[in-house]
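Notes for the one structure printed next.
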Number of protein chains: 2
Amino acid sequence: MKKNITIKDVAKQAGVSISTVSRVINDSKPVTDEVKQKVLDVIKETGYIPNPLARSLVTKKSQLIGVIVPELSDSFVNEILNGIEEVAKMYDYDILLANTYSSKEQELKSINLLRAKQVEGIVMISWLVDEDQINYIENCGIPATYISKTARDYDIYSVSTSNEEATYDMTKYLIDQGHEKIAFVMTSKDDTCLERERFSGYSNALKEHNIEIDTNLVKRGGTTYETGYTCMKELLDEGVVPHAAFVTGDEAAIGAINAICDAGYRVPEDISVAGFNDVKLAKIYRPKLTTVFQPLYDMGAVAMRMVIKMINNEPLESKKIELPYQIVERESVKLRK
Amino acid sequence: MKKNITIKDVAKQAGVSISTVSRVINDSKPVTDEVKQKVLDVIKETGYIPNPLARSLVTKKSQLIGVIVPELSDSFVNEILNGIEEVAKMYDYDILLANTYSSKEQELKSINLLRAKQVEGIVMISWLVDEDQINYIENCGIPATYISKTARDYDIYSVSTSNEEATYDMTKYLIDQGHEKIAFVMTSKDDTCLERERFSGYSNALKEHNIEIDTNLVKRGGTTYETGYTCMKELLDEGVVPHAAFVTGDEAAIGAINAICDAGYRVPEDISVAGFNDVKLAKIYRPKLTTVFQPLYDMGAVAMRMVIKMINNEPLESKKIELPYQIVERESVKLRK
DNA sequence: ATGAAAGCGCTAACAA
DNA sequence: TTGTTAGCGCTTTCAT
């Protein structure tokens, strides 16, 4: 275990003062080319790495960005994380990861922890953020952006897609495919902004086509495979056999498909199913899932870029950014004659 | 943005010296209950959080563990990560995440970065670690454990499952189910220790049952859905129709199933398919995948515990830990009469 | 252009 | 039991 080389060692070996060394590694102030080269040589030779701890201590910049996630094995989260990670690396930031398992208590703890570690910014991915958490974060004055179902309910920096429109479009698509009895399975039991927007997209599309809204057709579950399965099973058990089901999450949609199959129906021959997000799984599953593509990777990337801008006090055009979605037609929805 | 409260502020406000404050926050040295209480009160009142940067600078302990992953949206990696995360939290360590996209260059960079950030330990998840990387890590004297296909080729700390046995068992299970012409699709083109062990498990099982090994039945691909699909398609295109296929990765196995279906065969009626890992997807997919369960979560947890022990200089029984596997029978393998 | 020195917030000898 | 002080490795005035 070799002793760490410090700026002092380099200075001594190069025959200069530590301030000069500091200047060349940060090229902050003019240094003679000659001296600069000398120092650079010594640095290379010794393999010196500046200690970011010491540096952060004085500059108050940790080059760390805290990322709070509700879950690590959820594909939705993963794809966002990829985007975050990529941009962070681009700007030489590192990621401090905090997994909360969707527990509010853990969320508060994580915020504290990140704060203690002097993160310069926070990207928070959470199914549901509430006022407490937001206040807590905003209070410590750390730039933060949110990716959450409830983000649009608050005056905070957030990135999302136009859920209302997307839901409207998919519902319309389903109608255009000849379906009228369209079940709508939401991915949260809570009354979030997102659920409201989505429901409104759904019902508007129906209304415009003079289809009456049947509350027996709408269910509220969660994002997981299991909840999708359960919701659809319930529906079927209640004797409701829709033409199509629009499940606003891919994993849940696949759960629904399985419930349908287990009940003896076929997808899409008997019942069409549409999802939301276009997660990796959507392309793999058979039948391939017709879904609305959300640019998850980009959402992560954009969120990260936002906090970096905030850190640098660069102006942001708007607090809320909406990214475009897209209906992707695959195999799980079929024309109904 | 409120100014950060430091140990000095607390000391002043409590009317004691900073060392006393330091003593109570670390309860390192005896302090009168009275004084202690006073300090604690002030801390609570002011909301003081010790600056870990400053602390780390002097103690040389960052409470940070670097985790290097080859990929963020791979379920195999995710489940391991969950285990790592959980144990880290238990021991009050934070995770610095480095994603390498399986690029060797990025891997070296990441190691540097983690090192610079003064991580106390490293858990490296990599499909293939090679000598360069290992030397590089071992050289900087940071405790590290590896989860990798090639880990067993080197004298390093690693955690894995008994691949040879597992593969043997699954192959035997397939044979017991009446299959003889068993395709074997490996998840790496490289000649890794793991592939060798697995192949040996496969061939030993065949030999013991007096089934000749047919090299036309063995393919080498990758871990992804696509590679699984391609391998199986190739096999089928070559006119080889096996009784069963043992694909040593779940995502790839599902790719194989799809290739089989696309070629007009049914799984498991015409061809049985078995996977490896028992990833979340294995339970969701239809037909549900028969596979060998690897305790991914536990592997992560154990790996993390190992590095923590190493950090604390606690003795480790062995450099290589093997965790138990299990054959899980589901729907993708059927008895052949 | 360069060096000396102060100080970031904290811990850990060493005194008292 | 407590306070004083010297650093940890670095950046950044302020002189030179």
Side-chain angles (χ1 to χ4, degrees), chain A residues 1-40 42-43 46-64 92 115-120 140, chain B residues 1-40 42-43 46-64 92 112-113 115-120 140:
Chain A
M1 190 172 323
K2 65 179 154 195
K3 167 185 172 301
N4 272 323
I5 323 119
T6 76
I7 197 171
K8 270 188 195 165
D9 303 322
V10 177
K12 196 186 300 174
Q13 200 167 331
V16 296
S17 78
I18 60 165
S19 358
T20 305
V21 176
S22 173
R23 275 165 201 137
V24 343
I25 54 187
N26 299 302
D27 55 15
S28 44
K29 283 280 173 65
V31 177
T32 332
D33 279 355
E34 198 185 352
V35 179
K36 188 170 186 173
Q37 199 48 56
K38 174 75 188 158
V39 174
L40 254 21
V42 176
I43 289 179
T46 53
Y48 165 69
I49 304 179
N51 183 333
L53 250 46
R55 175 181 280 168
S56 299
L57 188 57
V58 20
T59 58
K60 269 104 173 63
K61 303 198 131 285
S62 60
Q63 291 295 338
L64 241 39
D92 259 322
R115 191 176 145 207
K117 290 279 181 186
Q118 317 284 308
V119 296
E120 294 180 45
C140 40
Chain B
M1 187 168 331
K2 64 181 156 195
K3 168 186 171 299
N4 271 321
I5 320 116
T6 75
I7 197 171
K8 269 188 194 165
D9 303 323
V10 176
K12 196 187 298 174
Q13 200 167 326
V16 296
S17 76
I18 59 165
S19 7
T20 306
V21 177
S22 172
R23 274 166 201 134
V24 344
I25 53 186
N26 300 302
D27 56 15
S28 45
K29 283 277 174 64
V31 178
T32 331
D33 278 353
E34 196 184 352
V35 180
K36 187 170 184 171
Q37 198 49 54
K38 175 73 189 156
V39 174
L40 254 20
V42 176
I43 289 179
T46 54
Y48 164 70
I49 304 178
N51 182 334
L53 249 46
R55 177 180 278 166
S56 298
L57 188 57
V58 19
T59 58
K60 268 109 172 57
K61 302 197 133 283
S62 60
Q63 291 296 337
L64 241 37
D92 259 322
N112 258 338
L113 186 148
R115 193 177 144 204
K117 290 279 180 188
Q118 317 285 308
V119 298
E120 293 181 47
C140 41

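Letters A, B, ... are given to chains in the order of the sequence lines, protein chains preceding strands, and every chain is numbered from 1. Fair warning: this is a prediction, and the values are worked out from it, not measured in the lab.
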Whole angstrom is fine here: how far is it from CD in A/Gln63 over to C1' in D/dC10? 15 Å
Can a side chain N or O of B/Thr20 be found less than 4.0 Å away from OP1 or OP2 on D/dG3? yes
What's the separation between atom NZ in B/Lys117 and atom CG in A/Asn51, rounded to the nearest 0.5 Å? 10.0 Å
Using every non-hydrogen atom in the two residues, find where A/Glu120 and A/Lys61 come nearest and quote the distance to one decimal. OE1-NZ, 3.1 Å
Distance check, rounded to the nearest 0.5 Å: B/Asp9 atom CG versus B/Ile18 atom CD1? 11.0 Å
Students often get this wrong, so: under 4.0 angstrom with heavy atoms, is B/Pro52 touching a base, only sugar-phosphate, or nothing? nothing
Using only side-chain N and O atoms of A/Ser17, determine if any of them is under 4.0 Å from OP1 or OP2 of C/dG3. yes
Output the rounded distance in Å from CG (A/Leu53) to C1' (D/dT11). 15 Å
Measure from the side chain of B/Ala54, starting at C-beta and using heavy atoms only, and say which of D/dT5, C/dG9, D/dT12 lies closest. C/dG9
Atom pair distance, as rounded to whole Å: NZ in B/Lys38 and P in D/dT2: 14 Å
Rounded to the nearest Å, what distance is computed from the NZ atom of residue B/Lys12 to the P atom of nucleotide D/dT2? 21 Å
B/Lys36 NZ - D/dT2 C1' separation (whole Å): 15 Å
Measure the spacing between SG of A/Cys140 and CZ of A/Arg115 and express it to the nearest 0.5 Å. 5.0 Å
Using the side-chain heavy atoms of A/Leu57, tell me which of these nucleotides is nearest: C/dG9, D/dT11, D/dT4. C/dG9
Would a distance-only check, ignoring hydrogens and angles, find a side-chain to backbone donor-acceptor pair under 3.5 Å from B/Thr6 to B/Lys8? yes
Counting only side-chain heavy atoms from C-beta out, which of C/dC10, C/dG3, D/dT11 sits nearest to A/Ile7? D/dT11
Say you draw a straight line from CZ of A/Arg55 to CG of B/Leu57; how long is it, rounded to the nearest 0.5 Å? 13.0 Å
So, OP1 or OP2 of C/dT11: does either fall under 4.0 Å of a side-chain N or O from B/Ser28? no
Whichever of B/Ile18 and A/Tyr48 has the more 5' nearest nucleotide on DNA chain D, that residue is B/Ile18
Options D/dT4, C/dT11, D/dT11, nucleotide nearest the side-chain atoms of B/Ile25: C/dT11
In whole angstroms, the gap separating P of C/dA12 from CZ of B/Arg23 amounts to 10 Å
Closest of D/dT2, D/dT11, C/dG3 to the A/Ser19 side chain is C/dG3
Where the side chain of B/Thr59 is defined as all heavy atoms beyond and including C-beta, which of C/dA12, D/dT12, C/dA1 is the nearest nucleotide? C/dA12
For the side chain of B/Val58, starting at C-beta, report the closest nucleotide among D/dT2, C/dT2, C/dC10. C/dC10
When you check the phosphate oxygens OP1 and OP2 of D/dC8, does a side-chain N or O of A/Asn51 lie under 4.0 Å from one of them? no
Would you say B/Lys60 places a side-chain N or O within less than 4.0 Å of OP1 or OP2 belonging to D/dG9? yes
Using atom NZ of B/Lys61 as one end and atom P of C/dA12 as the other, report the distance to the nearest whole Å. 11 Å
Can you find a side chain N or O atom of B/Lys8 that sits less than 4.0 Å from OP1 or OP2 on C/dC8? yes
For the pair made of CG in A/Asp27 and C1' in C/dA1, what is the distance, rounded to whole Å? 15 Å
